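Here is the structure we will look at, set down as structure tokens.
For clarity, every value in this text was computed on a predicted model and none was experimentally measured. Throughout, a chain's letter reflects where its sequence line sits, starting with A, and its residues are numbered from 1.
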Number of protein chains: 2
Amino acid sequence: MANDNKVWNQNDAVPSLVQSKRQIERYGLDVDAQAILVATRLLAAGTRLGHASEVHFARFGLSTGRYRVLVELEDNEGEALPSQLAENLGVTRATMTGLLDTLERDGLVSRRTSAQDGRQRSVVLTEEGAKRLQAMAPEHFARLEAMVGLLSIEERGVFLDLLGRVTQGISALTDETIEPDKPAGESRKKQHRSKG
Amino acid sequence: MANDNKVWNQNDAVPSLVQSKRQIERYGLDVDAQAILVATRLLAAGTRLGHASEVHFARFGLSTGRYRVLVELEDNEGEALPSQLAENLGVTRATMTGLLDTLERDGLVSRRTSAQDGRQRSVVLTEEGAKRLQAMAPEHFARLEAMVGLLSIEERGVFLDLLGRVTQGISALTDETIEPDKPAGESRKKQHRSKG
DNA sequence: CAAAATTAGTTAGGTGCCATACTATATTCA
DNA sequence: TGAATATAGTATGGCACCTAACTAATTTTG
């Protein structure tokens, strides 16, 4: 029993409504406790998701980021520029360099200098990289499917809608200034979603 | 324009249904494309949430983990054991040591050796730590509230329910083996939620 | 055309978190 | 009582990702 084995306890770190209320009262703030509860649960879920994702991909010798690079390459006929990849994945070029370093070391991609532009280095998905994706696909997708398995088809649709709006709301955490409260239920007309 | 300024583009990295379908078809798998879409969007949201959370707390000179330590201390009359804190926050003791190191360096907590048990070190929320929490509370909670501001009251309730089940589903990513598919909509009677 | 500015990629250094292995202090029990 | 064991906390080293600064190659422009 020398192994502590930190298994995610499911109960830890899931904030309760009373906790939210207590905190709000402590400082005498004028905010809706349920809203705070939802937000807090969401943050906790985000943490768990990130961690679970890494555990998941580690099974296949990948990380979340490296997997996404491989998929992006596959969606691009197996070849792309590092800067393209960084752009599409929403990470910095520096991060992409690191991801590609590891992928190249593992033989899943290869880099070669571009003929046209000496600054560019073309990234190519290797045979081995393609095989890796293929090999992991069944389990990967089965687990993803299982993740939302507690939701019915209709609920998935509802969840997708709500998650979309909440995802937009994430910017409330990162924006420079706080925007005035928008009660929701109206005033929601122009919400550009996706790009292409 | 020397500054690249990687602002989270909102559009990046949000997977589309066609992408999901294409991947599934590529390997001839028998999974529901919408389920995959939901799962994939969720993972993307998780990544963004984690990042946004760090940006948010950095405004107050904290990280997500360090903030949670302070709150946990406050909920505990300002004093607790590192192992307690680690347990309650769902991180390892090693991680807690790191969090406390920084908090102590910044004067927000202090450590003193226990009299009863020489192995234990009691962690105390300092005056300054309490002040920090108080100072950040208005903006912190306002931003959290704004984050779910695009959802109506009713929608928040629905979201909370769905999120709860999805959160349970996260274990599908981390479990050793894949469980057989549970269609949902029935066979869902005994789902213990929370602990207290 | 040479100097200045831009661009692609990388390196260097930092944060957050983790797992493993170690130290020091109890506790158990033979 | 003294050796084996358990426990609390920490140090070490790892990975993912970031920003800022740097190198090399290309484009702009005077």
Take nucleotides 10-17 of chain C nucleotide by nucleotide from the 5' end and write B, S or -, depending on whether a protein heavy atom sits under 4.0 Å from the base, only from the sugar-phosphate, or from neither. BB----SS

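What separates CD of A:Glu104 from P of C:dG9 is a distance of 13 Å, to the nearest Å. In this structure, A:Arg68 places its CZ atom 20 Å from P of D:dC15, rounding to the nearest Å. At whole-Å resolution of the value, CZ in A:Phe57 and P in D:dC15 are 18 Å apart. Atom pair A:Arg119:CZ and C:dA5:C1' shows a separation of 11 Å (rounding to whole Å applied). The interatomic distance linking A:Gln120 (CD) with D:dT26 (P) rounds to 9 Å, in whole Å. One interatomic measurement links the two molecules: CG of A:Asp117 to P of C:dT7, which rounds to 12 Å at whole-angstrom precision. Whole-Å rounding puts the B:His51 NE2 to D:dC17 P distance at 11 Å.
Judged by distance alone, with hydrogens and angles left aside, the side-chain atoms of B:Ser171 form no donor-acceptor pair with the main-chain N or O of B:Thr174 at under 3.5 Å.
Atom CZ in B:Arg59 sits 7.5 Å away from atom CG in A:Leu173 (nearest 0.5 Å). Of the inter-residue distances, the one linking B:His56 atom NE2 with B:Met136 atom CE reads 5.0 Å to the nearest 0.5 angstrom.
For the pair B:Ile170/B:Thr167, a side-chain contact is recorded, criterion being any heavy-atom separation below 4.5 Å from C-beta on.
Neither B:Val124 nor B:Val109 shares a network with the other; the hydrophobic side chains, linked directly or stepwise wherever heavy atoms of I, L, V, M, F, W or Y lie under 4.5 Å apart, form separate groups for each.
By the 30° and 60° cut-offs, the orientation of the rings of B:His140 relative to B:Tyr67 is tilted.
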